[in-house]
*Asks:* 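Have a look at this one before I ask anything.
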There are 2 protein chains.
Amino acid sequence: MGSKGEALRQRIVAAADELFYRQGYENTSFSDIADAVGISRGNFYYHFKSKDEILSAVIDSRVAAIVTMLNEWDKKFKDPRQRLYYYIDMPLRDQENICLHGCPVGSLCTELAKINRTMLDDANRMFAVFRDWLILQLNFLGVRKNVKKIAMHFIARVQGIVTVTNAFEDKDFLQQETKQLKKWQCR
Amino acid sequence: MGSKGEALRQRIVAAADELFYRQGYENTSFSDIADAVGISRGNFYYHFKSKDEILSAVIDSRVAAIVTMLNEWDKKFKDPRQRLYYYIDMPLRDQENICLHGCPVGSLCTELAKINRTMLDDANRMFAVFRDWLILQLNFLGVRKNVKKIAMHFIARVQGIVTVTNAFEDKDFLQQETKQLKKWQCR
DNA sequence: CTAATTATAGGACAATCGTCCTATAATTAG
DNA sequence: CTAATTATAGGACGATTGTCCTATAATTAG
């Protein structure tokens, strides 16, 4: 069984994941990833036969990571309102990277909308996982009307904050808007 | 005087502007732009000596276009609240493009944050022009406290809406969130 | 008209891109 | 141990990239 090959495959995905986040998908070459992992391009191509394929693997890996993370949040916080706050605070906990590279989910979707619309439908699953989890928390909170709309509203709010934070490299804005968003209540 | 050359220069900038918006900066080559204008690559290089230079010209052109547009809005609407609504409705008036390509300002900043941080400081001037105009309108409305913060808040709200609209190709979301944002009032 | 300047075309340039192939090396199965 | 499979390295491939050069065409200045 290819257990050693599987381990390398995961290292490749992890390296590609970070590079796509830091310098964008289009701007990251096979060589960049191979160099980061410390293997040859030929070997890289043995594991992933095309750039679409490595992108697809990175998206799957991110979706899985988000699911795992949300499960941990569920264990950590029993109060759905606390969980909601923890979601809103997520960019705050990763200020440096958010400031420099934006949101891994949002920025990838924004890029794919321009260069690879086929993969966009794959990428926005990352948003969908958050959305479905948010819907659950809103249900727990007793919200009954427009639950999906409100979940999407939260995602959009966070995306907007991150986009502006990234464009202006402005952590103060991130902090102040995050605080304000937590004052949200159902209208 | 190079008045014919100047006319071509503007056609080049216009073509690059649209291509950068539709397929991204990194993913647009000199050949793409030259083909779109119908000139040779050599001629293109006579007018713009590097990719940074054409990007810089596109950003300047966009900033100027935004200034012109906001002046027209000022003529068109005397009520600052109406002007604010017209700003919020901007993505709605360009639904098709927003859905397909996102925000020209936001998506360019997001891309440049990853591939060309030097130019990012140039690009976010596009946001700054909107911000300063919004500050003016808020002043007219009698808002005295946190005016800059509120202006940035509006920009972030619109950015978030557009990012999600683009990622999900969801016009309904755009319409409903736009309507909700117009219910905003100072707290 | 002539000379100088500006504009345009076309191709050369090295580098890099994604892709693919082949020859070994390492591992596993029998 | 031997044979088969899996993994790895290295380089060839055509295409494309941004950049630059040179020769000509068009325009302008005297």
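All chains are named by letter (A, B, ...) in the order of the sequence lines, taking the proteins before the strands, and each is independently numbered beginning at 1. Both backbone and side-chain heavy atoms feed into the values below; hydrogens, waters and symmetry mates do not.
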*Asks:* How many whole angstroms separate atom CZ of Arg11(A) from atom P of dT8(D)?
*Replies:*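 Whole-Å distance recorded here is 9 Å.
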
*Asks:* Just the rounded figure in Å: distance from P of dT16(D) to NZ of Lys51(B).
*Replies:*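 In whole Å, dT16(D) P lies 15 Å from Lys51(B) NZ.
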
*Asks:* Sort out for me which residue in Ile33(B), Leu8(B), Asp35(B) forms a side chain to side chain contact (heavy atoms under 4.5 Å, CB included) with Phe44(B).
*Replies:*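 Exactly one pass, corresponding to Ile33(B).
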
*Asks:* Identify all pairs in which a protein N or O lies below 3.5 Å from an N or O of nucleotides 20-22 of chain C, and state each distance.
*Replies:*
{"residue": "dC20(C)", "atom": "OP2", "partner": "Tyr45(A)", "partner atom": "OH", "Å": "2.3"}

*Asks:* Check this for me, if you would: do Glu169(B) and Arg117(A) make a salt bridge, where the nitrogen-to-carboxylate-oxygen distance has to be below 4.0 angstrom?
*Replies:*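 So Glu169(B) pairs with Arg117(A) through a salt bridge.
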
*Asks:* Between atom CZ in Arg9(B) and atom C1' in dT8(C), what is the gap in whole Å?
*Replies:*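 Arg9(B) atom CZ is separated from dT8(C) atom C1' by 17 Å.
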
*Asks:* Using whole Å, what does the distance between atom C1' of nucleotide dG18(C) and atom CG of Asp32(A) come to?
*Replies:*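 Checked: the CG to C1' distance equals 13 Å.
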
*Asks:* Under 3.5 Å, is there a donor-acceptor pair between the side chain of Asn146(B) and the main chain of Lys149(B)?
*Replies:*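 Between the backbone of Lys149(B) and the side chain of Asn146(B) there is no qualifying donor-acceptor contact (under 3.5 Å).
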
*Asks:* Run the salt-bridge test on Lys76(B) and Glu72(B) with the 4.0 Å N-O cut-off and return the result as yes or no.
*Replies:*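 Salt bridge absent between Lys76(B) and Glu72(B).
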
*Asks:* Could you state the CZ-C1' distance from Phe44(A) to dG10(D), rounded to the nearest angstrom?
*Replies:*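 Interatomic distance, CZ of Phe44(A) to C1' of dG10(D): 16 Å.
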
*Asks:* Under 3.5 Å, side chain of Lys114(B) to main-chain N/O of His101(A), donor-acceptor pair present?
*Replies:*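 A pair under 3.5 Å: yes.
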
*Asks:* Are Phe173(A) and Phe168(A) close enough that their ring centers fall under 6.0 Å?
*Replies:*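 So the answer is no for these two rings.
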
*Asks:* For DNA chain C, list all stems, counting runs of three or more consecutive pairs where every pair is Watson-Crick or G-U wobble with both distances under 3.5 Å.
*Replies:*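 DNA chain C stems, ordered by first number: C:1-30 with D:1-30.
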
*Asks:* Using OP1 and OP2 only, check whether a side-chain N or O of His47(B) sits under 4.0 Å from dT6(C).
*Replies:*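 For dT6(C), neither OP1 nor OP2 has a side-chain N or O of His47(B) closer than 4.0 Å.
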
*Asks:* Quick one: does any side-chain atom of Ser61(B) pair with a main-chain N or O of Ala57(B) as donor and acceptor, under 3.5 Å?
*Replies:*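 Between the backbone of Ala57(B) and the side chain of Ser61(B) there is no qualifying donor-acceptor contact (under 3.5 Å).
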
*Asks:* CD of Glu6(B) versus C1' of dT27(D): gap in Å, rounded?
*Replies:*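 Interatomic distance, CD of Glu6(B) to C1' of dT27(D): 16 Å.
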
*Asks:* Taking CD1 from Ile115(B) and C1' from dG18(D), how many angstroms apart are they, rounded to a whole number?
*Replies:*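 Roughly 14 Å, once rounded to whole Å.
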
*Asks:* Looking at residues 12-26 of chain B, who's got a heavy atom less than 4.0 Å off DNA chain D?
*Replies:*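 Nothing qualifies; none.
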
*Asks:* Considering heavy-atom distances to DNA chain C, does Ile39(B) or Ser29(A) have its closest nucleotide positioned more toward the 5' end?
*Replies:*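 Counting from the 5' end, the first nearest nucleotide belongs to Ile39(B).
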
*Asks:* Roughly how far, to the nearest 0.5 Å, is the OH atom of Tyr21(B) from the CG atom of Leu108(B)?
*Replies:*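 The CG atom of Leu108(B) sits 11.5 Å away from the OH atom of Tyr21(B).
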
*Asks:* So, does Arg83(A) use its side chain to make a donor-acceptor pair with the main chain of Phe77(A) at under 3.5 Å?
*Replies:*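 The answer is yes, because a donor-acceptor pair under 3.5 Å joins these two groups.
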
*Asks:* Could you tell me whether a side-chain N or O of Tyr25(B) sits under 3.5 Å from a main-chain N or O of Ile115(B), the two making a donor and an acceptor?
*Replies:*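 Side chain of Tyr25(B) to backbone of Ile115(B), a donor-acceptor pair under 3.5 Å: no, none is there.
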
*Asks:* Answer yes when Lys171(A) and Glu96(A) have at least one side-chain N-carboxylate O distance shorter than 4.0 Å, and no when they do not.
*Replies:*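 Yes, charged N to carboxylate O under 4.0 Å.
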
*Asks:* Give the rounded distance in Å between these two atoms: CZ of Phe30(B) and C1' of dA12(C).
*Replies:*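 To the nearest whole Å, that distance equals 16 Å.
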
*Asks:* Below the 4.0 Å mark, does dA7(C) have OP1 or OP2 next to a side-chain nitrogen or oxygen of Tyr46(B)?
*Replies:*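 Yes, because at least one side-chain N or O of Tyr46(B) sits under 4.0 Å from OP1 or OP2 of dA7(C).
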
*Asks:* Main chain of Pro80(B), side chain of Tyr85(B): is a donor-acceptor contact present, judged purely on distance under 3.5 Å?
*Replies:*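 Answer holds: no.
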
*Asks:* Let's see if you can work this out: which of dT8(C), dG18(C), dG18(D) has an atom nearest to the side-chain heavy atoms of Ser40(B)?
*Replies:*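 Shortest atom-to-atom distance from the side chain points to dT8(C).
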
*Asks:* Could you tell me whether the phosphate oxygens of dA9(C), OP1 or OP2, come under 4.0 Å of any side-chain nitrogen or oxygen in Asn43(B)?
*Replies:*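 Looking at the OP1 and OP2 atoms of dA9(C), one of them is under 4.0 Å from a side-chain N or O of Asn43(B).
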
